[in-house]
Amino acid sequence: MNYNHREIEKKWQKYWLENKTFKTDVHSDKKKMYILDMFPYPSGSGLHVGHPEGYTATDIVARMKRMQGYEVLHPMGWDAFGLPAEQYALDTGKNPAEFTQKNIDNFRRQIQELGFSYDWDREINTTDPNYYKWTQWIFIKLYEKGLAYMDEVEVNWCPALGTVLANEEVIDGKSERGGHPVVKKPMKQWVLKITEYADRLLEDLEELDWPENIKEMQRNWIGRSEGAEVTFKVKDHDESFQIFTTRPDTLFGATYAVLAPEHDLVMKIVTEEQREAVEAYIEEVKNKSEIERTDTTKEKTGVFTGAYAINPVNNKEIPIWIADYVLKTYGTGAIMAVPAHDQRDYEFAKKFDLPIVEVVKGGDISQEAFVGDGEHVNSDFINGMNNEEAIETMINWLEENGIGKRKVTYKLRDWLFSRQRYWGEPIPIIHWEDGTMTTVPEEELPLKLPEMEEIKPSGTGESPLANNEAWLTVVDPETGKKGRRETNTMPQWAGSCWYYLRFIDPHNDEALADPELLKKWLPVDLYIGGAEHAVLHLLYARFWHKFLYDIGVVPTKEPFQKLFNQGMILGENNEKMSKSRGNVVNPDDIVRSHGADTLRLYEMFMGPLDADVAWSTDGLDGARRFLDRVWRLIIKEDGTLSDRIVDEPTENLEKVYHQTVKKVTEDYENLHFNTAISQMMIFVNECYKQEKVSKEYIEGFVKLLYPITPHIGEELWQRLGHEDTITYEPWPTYDASKLVEDEVEIVIQVMGKVRSKMTVPRDISKEELEEKALADEKVKKWIDGKTIRKIIVVPGKLVNIVAN
RNA sequence: GCCAGCGUGGCGGAAUUGGCAGACGCGCGAGACUCAAAAUCUCGUAUCCUCCGGGAUGUGCCGGUUCGACUCCGGCCGCUGGCACCA
C-alpha cells in the first residue's frame with residue numbers, strides 16, 4: 001500500500017501550527033543558528049515551483065540544526081510594496097492594501113502546505129505601518145547624517161509607469177518591469193549616498209562566505225579604479241577643468257582633450273566659429289537614446305569647441321573637443337586623450353585626424369593603440385621607466401607642482417531613492433512654505449499612507465499622494481507655519497534592506513529590535529535566494545547594515561555571513577517557465593497529486609542546488625516511488641510495522657548505515673542535497689536485500705530523511721512508537737571505526753591500465769602488495785616477456801606496473 | 001569587447017591533495033508475480049569489436065606534463081550569467 005500524502009500532510013501541518021513546534025526562543029541558552037530565505041513579493045499569481053527550491057534547502061538545514069541542538073531562527077515574511085499592486089490600483093482605482101492582503105493569504109497557505117518550519121509568530125510584512133515605521137526611522141537617521149539628500153538629477157523617467165527608475169532598474173533603455181521605454185529627464189529627487197561606503201562595501205566582501213561570482217559582480221558594480229586627477233587650464237580663459245586618468249604616465253602623449261557634451265564648461269569656452277556646430281551636436285546627443293549612446297560598435301562622433309587647453313606637463317596647446325563617448329557621470333566628465341595608448345582615443349584621433357604621439361614603446365601605433373607595459377619615451381623626466389614606476393613618479397610630480405593629485409573613482413553612483421508612487425513607504429519629510437524642510441518628528445512615526453478613495457496619477461509627475469490635500473497639508477502647531485508633505489515614496493528595496501533585523505524582534509515598539517538580541521542573533525548564518533538579487537538587494541542591504549553599524553544599532557559589519565543562490569527550475573522544454581510559453585508548473589497541483597514531501601524531495605534531487613535544471617514529470621514520479629518504497633519498507637499493508645524491523649542489531653547493514661549517516665550529515669551541511677538523497681536510496685536498496693533491519697537503523701534513517709520530507713518523517717516516527725514530534729530528537733551519529741574495512745580491494749594496473757583486482761588486508765605492507773600484484777595470474781599475462789621498469793604502489797588503492 | 005562560470009551515457013547528474021569514469025535517479029530491455037494488465041520485486045543497460053575468456057575506444061576539440069589526467073598546464077570551440085565607450 002502506498003502512503004496517503006493528503007491525510008498525513010494535513011495532519012502534521014495542523015499539529016505543527018497548533019503546537020507552535022517551530023517557535024524560536026530568542027533568549028535560549030542554546031547555540032544560535034539564523035537561517036533565512038529571501039522573502040517573496042506576494043504576487044497575484046501565487047507561488048511557482050522555483051520558490052520551494054530555496055525554501056526547502058533552508059528548511060532542511062533548519063530542521064537538521066534543531067536536531068543537532070541549535071536554537072534555530074527560521075522566519076518568513078512579505079516584501080509587499082511593489083509595482084504590480086500599484087498598477088492594479090491605478091487600473092481599478094482600488095486600494096492596493098486589500099489586493100496585497102489577499103495575495104499574502106494565498107502565499108501563506110501555499111507555503112504552509114509545503115511544510116516549511118517557519119516560526120509564524122514572526123511573520124512580517126513591509127507594508128504594515130508597524131514595520132515601515134522603522135523603515136522611515138532609518139531614513140530619518142540617514143537624513144540626519146547627511147546621507148540622504150535632494151538633488152536635481154537627470155533621472156530615468158518612465159512615462160508608462162509614471163515614475164523614476166534607478167539605473168539598475170533600466171535594462172537596455174527599457175524598464176526592468178514591464179519593458180517600457182525610459183527617457184532622461186532632470187527632476188528633483190531623493191538620493192542616498194551609498195558612494196560614501198564604496199570602499200567598505202568592496203573591502204568587506206573578503207570576509208564573506210559568498211559565491212565568488214556574486215562577489216565579483218559586486219566588485220564590478222562598485223567599479224573602483226585608481227589614478228590621478230589632473231587640472232588643465234584653458235588658453236585665453238580664466239577657466240580650467242579636471243580630468244581623471246588611470247594612466248597619468250601617458251600625459252606627454254595627450255594630444256587633445258575631450259569634455260562630455262553636457263559639461264558645464266562647454267558653452268563658456270566655445271568659440272564663435274564653432275558655436276553652431278557645438279550646439280547642434282549637443283542637441284543631437286540629447287535626442288539619442290541610451291542604447292544608441294552606449295553602442296560600442298558605432299563610429300566615434302564629436303565636435304571641436306575651438307578652444308585649447310594647456311597640457312600641464314609640457315605647456316603644449318591641445319584642442320578641446322566634445323564627444324559622447326565621454327560620460328558626464330563618470331570621473332570628472334572630462335578626459336585627456338592619449339590616442340597612442342587608448343583604443344577609444346585612437347579611433348577618435350584617426351577619424352578626426354588628430355596627432356598620435358607614442359610615449360610607451362612596445363606596440364605599433366600605426367596599427368592600433370598600445371595599452372601594455374613598456375619603456376617610456378618622449379616623456380622628459382619619466383623616460384626609460386616602465387608603467388608602474390612612471391605612474392608613481394608622475395603622480396608625485398603632479399602633487400608637488402600642485403597640478404593634480406592621486407584619486408580613486410567608482411562606477412557606483414548614489415542610490416536614487418524616490419519613486420512617484422502611492423504604494424510605497426512615505427518619505428517622512430515636510431517641505432515648509434519658507435523653503436526649509438524638516439523630518440517628521442520621530443514620535444509621529446509611522447507616517448501612514450492615507451487611505452484614498454481613488455488612486456490616480458497626479459498629472460504633475462508627482463505620486464498619486466499629491467491628490468490628497470488633507471494628508472498633504474501640515475501646519476506647525478506652534479508657529480502656524482504651513483508645510484507640504486513629501487509626495488515621493490521609497491523604492492521596493494527599502495523594506496528588504498533591513499527585514500532580517502526585524503525578524504529577530506518583530507513586535508518591538510521601542511526600537512527596530514532589542515540591541516541585546518541583535519548582538520546575540522547577528523549575523524544571518526545562512527541566506528538563500530535567487531541570483532537575480534546579486535547586486536541590487538544585497539548591495540543596498542549591506543549599505544544600510546553598515547550605516548546602522550556606524551550609528552551603533554547593529555553589532556556586526558556585515559548582515560549575511562553565508563550566502564547561496566539557488567538555480568532556476570526550467571520548464572520541461574528546457575525554457576524559462578512563463579505563462580506565455582505555457583510551461584508553468586503550479587506547486588498546488590503537485591501537492592495535490594504527489595504530495596509536498598515528493599515535491600520537496602524531487603526538487604532537492606534534481607541536481608546541485610545552484611544549477612538550472614528542467615522540470616521532469618518522470619523524475620517527480622521517481623521521487624514519489626522512493627517515498628512509497630521507504631513506506632513499504634517500514635509499514636505493512638495493514639498499517640502496522642513491518643516484520644522486517646527487529647529489535648536486535650543487524651550487522652550486515654552496519655557499514656552502509658554508518659556511511660549513510662556520515663554522508664548525509666556532511667552533504668546537508670554543504671547543501672549537497674542531491675548526493676545525500678542518493679546515499680539514502682543506496683541505504684534503502686540495501687535494506688530491501690536484507691531479511692531483517694534493526695529498529696535502531698530504521699529510526700536513524702527516518703531522522704536523516706525527515707528534514708527533506710518532514711510529513712512522512714513525523715508519521716513514520718510516530719508509527720515506530722514515539723509520541724512526541726521528531727523535531728527535537730537528537731541527530732544520528734556515526735562511528736568512524738565502523739567505516740574502515742579490514743580488507744580492501746586493490747586495483748592492479750599495467751602501464752596505467754586496470755588489468756586485475758585483488759582483495760588484501762588493509763594494513764598490508766608495500767613490499768607484500770607489490771609481490772602479490774606480480775604473482776597475479778592476469779598480471780603475469782600482461783607483463784610476460786617485458787622488462788619491469790618501475791612499480792608504483794599506493795597503499796590501500798592501487799599498484800601500477802610499468803613494463804615494456 | 002571585458003569578467004566569471006560551465007562542457008561527462010538516450011536524459012538529470014556522481015566522482016578533485018591526479019589513482020577502478022558513469023554512483024543514485026529517469027528512460028529503456030529482460031525475468032518473477034498475475035488468467036491478463038497495472039503496481040511491485042529482481043537483473044541488465046557508455047560505444048564499438050568479440051572465438052563470450054576478453055579486447056579497443058571514451059569526460060567539447062588540439063597539444064603538453066605524469067607510471068597514471070574528467071581532474072593540472074597551453075591553445076582553440078561552444079554554452080550560460082554579469083558588465084559594457086568607466087577614461
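In the text below, chain A, chain B and the rest are named by the order of the sequence lines, each starting its count at 1.
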Going 5' to 3' through nucleotides 40-49 of chain B and flagging B where a protein heavy-atom sits under 4.0 Å of the base, S where only the sugar-phosphate is that close, and - otherwise, we get SSSS------
B/S/- along nucleotides 9-21 of chain B (protein heavy atoms under 4.0 Å) is ---BSS----BB-
Give the rounded distance in Å between these two atoms: [atom1] of [X] and [atom2] of [N].
| X | N | atom1 | atom2 | answer |
| --- | --- | --- | --- | --- |
| A:Phe683 | B:rC24 | CZ | C1' | 16 Å |
| A:Asn565 | B:rG5 | CG | C1' | 13 Å |
| A:Glu216 | B:rC83 | CD | P | 13 Å |
| A:Glu532 | B:rU80 | CD | P | 19 Å |
| A:Ile214 | B:rG81 | CD1 | C1' | 9 Å |
| A:Glu368 | B:rG1 | CD | C1' | 13 Å |
| A:Leu601 | B:rC26 | CG | P | 11 Å |
| A:His263 | B:rA87 | NE2 | C1' | 13 Å |

Do any side-chain nitrogens or oxygens of A:Arg755 fall under 4.0 Å of OP1 or OP2 in B:rG55?
-> yes
Contact under 4.0 Å: A:Arg219 side-chain N or O vs B:rG82 OP1/OP2: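 No, A:Arg219 has no side-chain N/O under 4.0 Å of OP1/OP2 on B:rG82.
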Contact class for [X] vs. all strands (heavy atom < 4.0 Å): base, sugar-phosphate, or nothing?
| X | value |
| --- | --- |
| A:Val258 | nothing |
| A:Ser225 | sugar-phosphate |
| A:Thr245 | sugar-phosphate |
| A:Gly622 | sugar-phosphate |

Please give the distance between the C1' atoms of B:rC72 and B:rU65 as a whole number of Å.
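It comes out at 8 Å once rounded to the nearest Å.
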Return all side-chain donor-acceptor pairs below 3.5 angstrom for residues 686-693 of chain A, not counting sequence neighbours, or 'none' if the list is empty.
from	atom 1	to	atom 2	distance (Å)
A:Tyr688	OH	A:Arg629	O	2.8
A:Gln690	OE1	A:Asn652	ND2	3.0

Set of side chain to side chain contact (heavy atoms under 4.5 Å, CB included) partners for [X], sequence neighbours left out:
| X | value |
| --- | --- |
| A:Glu212 | A:Lys215, A:Glu216, A:Arg219 |
| A:Asn800 | A:Gln749, A:Ile792, A:Leu798 |
| A:Lys411 | A:Tyr330 |
| A:Phe370 | A:His341, A:Val360 |

Ring-face cation of A:Arg542 near A:Trp221 (centre distance under 6.0 Å, axis angle within 45°):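 Not satisfied by the 6.0 Å and 45° rule.
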Checklist entry - Cation-pi between A:Lys300 and A:Tyr325: NZ/CZ under 6.0 Å from ring centre and within 45° of the ring axis? => result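 Yes.
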The glycosidic conformation of B:rG68, counting syn as within 90° of 0 and anti otherwise, is anti
Relative to its sugar, using the 90° cut-off around 0, the base of B:rG53 is syn
Residue list, ring-ring contact (aromatic ring centres under 6.0 Å, His included) with A:His533, at least two apart or on another chain: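 Testing A:His533 for ring-ring contact (aromatic ring centres under 6.0 Å, His included), a comparison that skips the adjacent residues, returns A:His537.
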For nucleotides 51-53 of chain B, tabulate all protein N/O to nucleotide N/O atom pairs closer than 3.5 Å, reporting atom names and distance.
none

Pair up each side-chain donor or acceptor in residues 251-262 of chain A with any protein partner under 3.5 Å, not counting sequence neighbours, and list the distances.
from	atom 1	to	atom 2	distance (Å)
A:Thr255	OG1	A:Pro355	O	2.8
A:Tyr256	OH	A:Asp345	O	2.9
A:Glu262	OE2	A:Arg293	NH1	2.8

Checking B:rC86, B:rG25, B:rC83 against the side chain of A:Leu327 (C-beta onward), the nearest is B:rC86
All heavy atoms of A:Phe304 vs all of A:Pro319, minimum pair found to be CE1-CB, 3.3 Å
* To do: Evaluate the ring planes of A:Tyr3 and A:His5, with Trp represented by its six-membered ring, and classify them as parallel (under 30°), tilted (30 to 60°) or perpendicular (over 60°).
  =>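 Perpendicular, since the angle between the ring planes exceeds 60°.
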Note to self: Between A:Glu53 and A:Arg600, does any side-chain N to carboxylate O distance fall below 4.0 Å?
What the structure shows: no
With nearest nucleotide decided by heavy atoms, which residue, A:Lys790 or A:Ile335, maps closer to the 5′ end of RNA chain B?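 Result of the comparison: A:Lys790.
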Answer with yes or no whether A:Lys300 presents, from its side chain, a donor or acceptor under 3.5 Å of a partner atom in the base of B:rC85.
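Between B:rC85 and A:Lys300, which were checked side chain against base, a qualifying N/O pair under 3.5 Å is present.
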Check: Are A:Asp621 and A:Tyr602 linked by a side-chain donor-acceptor pair shorter than 3.5 Å?
Finding: no
Per-residue pairing states of RNA chain B in dot-bracket (Watson-Crick or G-U under 3.5 Å; . unpaired, | other strand) read (((((((..(((......[....)))((((((.......))))))((((....))))..(((((..]....))))))))))))....
Taken in chain and number order and not counting sequence neighbours, the residues that satisfy side-chain hydrogen bond (donor to acceptor under 3.5 Å, both in side chains) with A:Glu284 are none
- Query: Is the backbone of A:Lys576 close enough, under 3.5 Å, to the side chain of A:Asn583 for a donor and an acceptor to pair up by distance?
  - Reply: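 Judged by distance alone, yes, a pair lies under 3.5 Å.
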